[in-house]
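Just so you know, these numbers use all the heavy atoms, side chains as well, and skip hydrogens, waters and symmetry mates. We're numbering straight along the sequence, starting at 1.
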Amino acid sequence: MGGIVALFGRSGKLAFVERWATFDCYGTLVDWNAGIRAELARIFGESDADAKLGQYHELEPVVEHDDPGLAYRDVMARVLERLGASGEERDALGESLPTWPVFPEVPPSLEEARRRGWRLCILSNTDREFIDTSMAAIGVPFDRAIVASEIGSYKPAHAHWRTFEAEVGRMPDVHVAASLVHDVAPAKELGIPSVWINRLAEDSDGYAPNRELPNLTSLPEALDELAPA
């Protein structure tokens, strides 16, 4: 039956439920560290780029928490300002985001997941214009995409998953992401199995994802293990 799970409903009749995998995009499917660092190196110099990248990752969640209704383009702009960028560079990350590279194993792995019947949805802390551009770059069809700027909320708040639940009628079967704080932790709070894409060989720090992978190469198998057809 591919990616469709057979269940018996209350009437006792056989019903079929599609399997859904939700994904974070930046850091999971698209290399945001490479994209952000390249702009920081251009603005502040190569010697300061790594330190500025670390500061960026500390500041971005603070800005999102303080103003959850802020468009992601403006989140990035505010963080750049706090890092000391000039006004002329305010929108540098917003302008560069469409060029951020897709991790090379992502398209074939997502194609294989779709071949196995999985339906795919992105849950992203960004804007519609950015996610549409990145989905086109990935080149694999997604069935849905839920973005922060349209729901007025940033992960790790639960609104992305609640919006998915309202649209689809239930929670996803599996959530896939690179961020422990923004994705793995809230997925666990909601009872959703998670696959942690640990590209940087970090410590899980007690977050206990259901699966840990270094990239998406073996993701289709992991999805099938967590939600068998």
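- Using modelled atom types, one side-chain atom of W196 and one backbone atom of A178 make a donor-acceptor pair closer than 3.5 Å.
- A donor-acceptor pair shorter than 3.5 Å can be found between the side chains of H175 and D183.
- No side-chain donor-acceptor contact under 3.5 Å links R19 to the backbone of R119.
- Figure legend: R199 and F103 shown as a cation-pi pair, the cationic atom lying under 6.0 angstrom from the six-membered ring centre and within 45 degrees of its axis.
- Remark: the backbone N or O of L83 is paired with a side-chain donor or acceptor of K52 at under 3.5 angstrom.
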- Task: List the steps and the verdict of side-chain contact (heavy atoms from CB on, under 4.5 Å) for E64 and R78.
- Result: CA-CA 10 Å; E64 291 171 345; R78 286 193 186 179; over 6 Å; no
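- Between the N198 side chain and the L213 main chain, no donor and acceptor come within less than 3.5 Å of each other.
- Between the side chain of Y56 and the backbone N or O of M76 there is no donor-acceptor pair closer than 3.5 Å.
- R73 has its side chain out of reach of T126: every pair of non-hydrogen atoms, C-beta onward, lies at least 4.5 Å apart.
- Side-chain atoms of D173 come within 3.5 Å of backbone atoms of W20 as a donor-acceptor pair (strictly under, hydrogens ignored).
- Within 6.0 Å of the CD atom in E88, the count of heavy atoms belonging to other residues, nucleotides or ligands does not exceed 12.
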- Message: Applying salt bridge (charged side-chain N to carboxylate O under 4.0 Å, His left out) to R170 and E165, what does each step give before you reach the verdict?
- Response: CA-CA 4 Å; R170 63 183 182 86; E165 182 182 33; over 6 Å; no
- Report the C-alpha distance between N125 and H160 in whole Å, list the side-chain angles of each, state the deciding distance to 0.1 Å, and finish with yes or no for side-chain contact (heavy atoms from CB on, under 4.5 Å). CA-CA 9 Å; N125 276 357; H160 282 80; 3.4 Å; yes
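- In this pair, H57 and W32 present their aromatic rings tilted. The plane angle is within the 30 to 60° band.
- Between the side chains of D224 and W118, a donor-acceptor pair is found at a separation under 3.5 Å.
- Here the side chain of D143 pairs no donor or acceptor atom with the backbone of C121 at under 3.5 angstrom.
- In summary, the side chains of E212 and Y207 do not present any donor paired with an acceptor at a separation below 3.5 Å, with no hydrogens or angles considered.
- No hydrogens or angles considered: a donor-acceptor pair under 3.5 Å links the side chains of Y26 and S134.
- Salt bridge absent: R115 and E111 never bring a charged side-chain N and a carboxylate O closer than 4.0 Å.
- Within a 6.0 Å sphere centred on NE2 of H158, other residues, nucleotides and ligands contribute more than 12 heavy atoms.
- No donor-acceptor distance shorter than 3.5 angstrom exists from the side chain of R114 to the backbone of L120, with no hydrogens or angles considered.
- Atom CD1 of I131 sits about 7.0 Å away from atom CD1 of I138, to the nearest 0.5 Å.
- At a cut-off of 3.5 Å, with distance as the only test, no side-chain donor of E105 or N215 sits close to an acceptor on the other residue.
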